[in-house]
Amino acid sequence: MTRSEFKKTALGGITSNPVFVLVLGMCPTIAKSDNVINAVSLGLCTAAVLILSNVIISLLRKVIPDKVHLPAYIIVIASLVTLVQMIVSSFLPTLNDSIGAFISLITVNCIILGRAEAFAGKNKVLPSFIDGVSMGIGFVLSITLLGAVRQGLTAAFGSGFFDKTMGGFIVLGLMMALFNQIFHIVKQRQKHRAALIERGEP
Amino acid sequence: MNKSIVNALKSVAVLVCVSVVCVAVLAVCNMYFPKYTPTLDRATAERINAICPTGVTDGEAFDKKYIVMLGSDDHGVDLDKYNKSNKSKKAEILAVYGEPKGENAFSYIIESSSTGRDGDIVILIAYRDAVIVGAAVKKQGESYYNKLPAELFDFLTGKSGDVDLGAEFGKTGATLSLNAINRAVNLSNDFAITYNSAIRNSMTDMASAAETNEKGEAVEL
Amino acid sequence: MEIFLNVIVPVLIIAVIAAIFAFCLSYLGDKLAVDRDARIDDIERNLAGANCGGCGYAGCSQFAEALFKGEAQLSRCNPTSPENKKNIAKILGMSVGESVATVAVVHCAGGNRAEDKYSYQGFGDCQSAELLAGGSKACDYGCMGLCTCVRACPNNCIAICKDTGASKVDRDECISCGACVAACPKKIIGRIPVTAKVYIACSNTTKGKEVAKVCKVGCIACGKCERVCPKGAIALSNNLAAIDYTKCIGCMKCASECPRHCIQPIGDGVRLLEKIMAAKEKAKEKAKEAANAATEKQKQDDENQ
Amino acid sequence: MDYFVGIVSIVISGMLTNNIVLNQSLGICPFLGVSKKTQSAVGMGLAVTFVISVSSCVCWLLYTFVLDLLDIGYLSTIAFILVIASLVQLLDIVLKKLSPSLYGSLGVYLALITTNCAVLGTANSVIAQGLDFFQTLMTGVSIGLGFTIALILMAGIREKQALYDIPRPFVGFPIALVTAGIMAMAFYGFSGLSFT
């Protein structure tokens, strides 16, 4: 695990952010990010399941034959989600009231199976763990940001639009465009700096 | 055994053992994790006092045993058995509370639940001789809860036996939640009617027992 | 008894369901498998599997089949790493033409330095301008800078260069998907290896005289580059210089010698060329000073005499 | 008679008032991914309709006759998703054999249907509402058709959008999301429909 590989996977959560760049896991992101508490708690549960599933799947990757790798991955993810659901409903009743129903949505969150097939199924355990952590953090940050923006807008303009799915679509679309623009400017500046360095100027 | 059969058996073996391991872990957890068991805490006592006033303040009602949780030995009904037999009604009776003394003496409160759109809805209904005197929601996580008609619980007071909220309130924005509450109300009404006398007797014995030891205390003083 | 009911029974049920599905999936998978050659699966396993669509197919499995039938070249898939490409080449049993990853490049740097036949004010882009008497540039092979390629590129790495006015490919971003190559009506966007340090920024194959008439930076086939190149990597064909990248060692002599500056540096060639140019300037100044000194001395000798 | 009205209201709510993509915001990943060409959108829509209706019926049978009787409801997520994943893979194998052309246009997205939240979402909501078998089938079909309608509309719009020059940061998913948001507003108008 060379340093550069570590750095590349660790920054995966930001450079290839699951929500804004890879465009995965849109269903819970739009459905349940109408306020910050829902967003944060759902994000944390998803991150926990994502990390665990990445580790377990990368452990099992050599054992599972190619024909049934999809159902096998999904059983692991679904049982992890049910486990989290049980833990939350029996040990954290307050959390269960607010997001109990959303946890079952995590099983079909495309990020987890996406990362499992694209990354965990092909790499060793440590890189998968790092990828799980960085993707989890990336997801939590972006869904919380979205939740905060939507809550702010609902507070400002009154409920009825921004906390509904239509508001979610539009706010997410605009924020994705914003991030594209930011990434573009950052890349432009990096290239400009690289060009400067090439010519030897500081 | 040609190649494809061997492959098939290999993948069957792997998938079966993966699912066996996962389900075993879940089954064991499901058995040993504490389930939601209703307890008579201060908040419940307050709610009960609101819908079926005992004539004293909430704190006093709770401390001075104006509101008591009736176990299955009191009213002689095994709740689990009752719930199992009423599986088809898709609702459950979780607990029965009684008010042996106070303003509404001998009235009892049934806590029942049913799954709505986003999880269980738990409601408390107070009865006096199997007729509803008050009702309120104890716990719910419904996303469209505010769509339910406000006068839902007032409508319930004075009712007994099976109730049809759908006919009364028509299509509200939260039909699933309304149906869930409807199922819970009908089941607890049914429970009240069948076990009204049993609960009543158990409360009278409890009340008389309470008086005797109260007199006893007075005598000792 | 209670353990049996709560643990063993659910485990058995899910196990039975899993067994049934696993069996039909793999058994049917084999039996119903379309008689797809095993080699196609090997190819697909070697491809990067990103399903990015850069090769123009609906996914890697489609691209693998096209590769197997020989309809597609391997160079169109950029995300696959070179050693995977070698495995695929071994499977297909053919030598891979350009096993090195390629990048797109616009073979024209004329833009505002090339004369205009007319100024195009119409709707749309190069394709519509091309319909009008062969495009708005006097040079039939010149880039009109009306952005067909810019819009065709899936990840926006072509832009119209501000100073030259012709379109330029951003070498680091380009995944060599070929969208611009296909879109350009003038067919002047080609592919060069990523490691290339220099490319010909002109595609005009007419005689030098005509090129000079229509463009200030077009290749007039003077042959200087051919003479100066130590490796013989550059040669004139059809009045236009062409580079053989297997021989080119990137010494940048051709780019520094070219009187029309139509051999452009790319990638790490840029810095190399600047160094060479700076060195040439210094040499010229020294020569000029030496010349002045010489004339100075000449004048003094005349005065002394 | 009112049983029939119930069915009609299920169908209409599945397709229009409670559209799985635009109102419940489930199944968005394939919705954004496939909707570039109308032809593949139709193919994808039909495949999703087939998968949703078959899997919600199978899940209903599995729940009522197996999970519910033995009171192991907590396993429903695993059992459902196992059934859905295997069904999709079977569909994948059969489709590859029967009609390679349709498989060509859908190739990449069949695997995505497994993680399509709409399929599991429908299965769960059918169980939560406690519908009977025929209602489950009608719900599955109507939700699938709702998904297809939204997908075809979206594909039509995005094909038109490809002709205009969209500002650089909006190219690709952002413009698709904003369009979907505006379509969701239009579909929100249907929620006024009621059947009393």
Side-chain angles (χ1 to χ4, degrees), chain A residues 20-21 23-32 67-79 81-83 85-86 89 101 103-114 116-117 160-161 164-185, chain D residues 19-33 74-89 92-93 111-112 114-121 123-124 128 166-188 191:
Chain A
F20 291 115
V21 176
V23 190
L24 282 173
M26 304 310 278
C27 312
T29 321
I30 291 176
K32 299 302 163 195
K67 280 272 184 301
V68 273
H69 77 279
L70 208 59
Y73 289 172
I74 281 188
I75 289 181
V76 170
I77 296 172
S79 36
V81 169
T82 324
L83 196 65
Q85 197 160 13
M86 275 189 208
S89 66
I103 295 182
S104 63
L105 265 181
I106 299 180
T107 10
V108 283
N109 191 331
C110 314
I111 296 179
I112 302 179
L113 189 69
E117 271 204 27
F161 181 73
K164 289 276 183 302
T165 47
M166 46 196 172
F169 275 120
I170 291 182
V171 168
L172 188 61
L174 296 178
M175 282 179 73
M176 208 181 273
L178 186 71
F179 274 96
N180 282 355
Q181 188 62 7
I182 292 172
F183 277 145
H184 178 67
I185 293 170
Chain D
N19 188 297
I20 187 90
V21 179
L22 299 169
N23 290 44
Q24 296 175 19
S25 97
L26 287 173
I28 297 170
C29 309
F31 178 72
L32 290 178
Y74 63 91
L75 285 183
S76 66
T77 319
I78 299 181
F80 289 172
I81 204 136
L82 181 62
V83 163
I84 293 169
S86 318
L87 259 178
V88 170
Q89 222 167 347
D92 182 76
I93 296 168
L112 269 187
T114 347
T115 63
N116 184 340
C117 332
V119 185
L120 187 64
N124 280 341
I166 299 160
R168 162 198 290 285
F170 275 90
V171 168
F173 283 115
I175 194 71
L177 274 166
V178 174
T179 330
I182 296 163
M183 265 172 69
M185 276 198 261
F187 268 71
Y188 189 63
S191 65

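In what follows, chains carry the letters A, B, and so on, assigned in the order in which the sequence lines appear, proteins first and then strands, with residues in each chain numbered from 1.
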Only one of A/Ile30, A/Ile170, A/Leu174 passes side-chain contact (heavy atoms from CB on, under 4.5 Å) with D/Leu177, and that residue is A/Ile30

Step by step, would you call D/Leu22 with A/Thr165 a side-chain contact (heavy atoms from CB on, under 4.5 Å)? CA-CA 7 Å; D/Leu22 299 169; A/Thr165 47; 6.0 Å; no

Per-residue contact mode, A/Thr82 against chain D (heavy atom under 4.5 angstrom): side chain

With a 4.5 angstrom heavy-atom cut-off, could you sort out which part of A/Phe161 is near chain D: side chain, backbone, both or neither? side chain

Passes side-chain contact (heavy atoms from CB on, under 4.5 Å), A/Asn180 versus A/Phe20? Steps please. CA-CA 8 Å; A/Asn180 282 355; A/Phe20 291 115; over 6 Å; no

Checked D/Ile28, D/Val21, D/Leu26 vs chain A; the most non-hydrogen pairs under 4.5 Å come from D/Ile28

Please look at A/Met86 and chain D and tell me whether the side chain, the backbone, both or neither of the residue comes under 4.5 angstrom of a heavy atom of that chain. side chain

Would you call the rings of A/Tyr73 and A/His69 parallel, tilted or perpendicular, where under 30° means parallel and over 60° means perpendicular? perpendicular

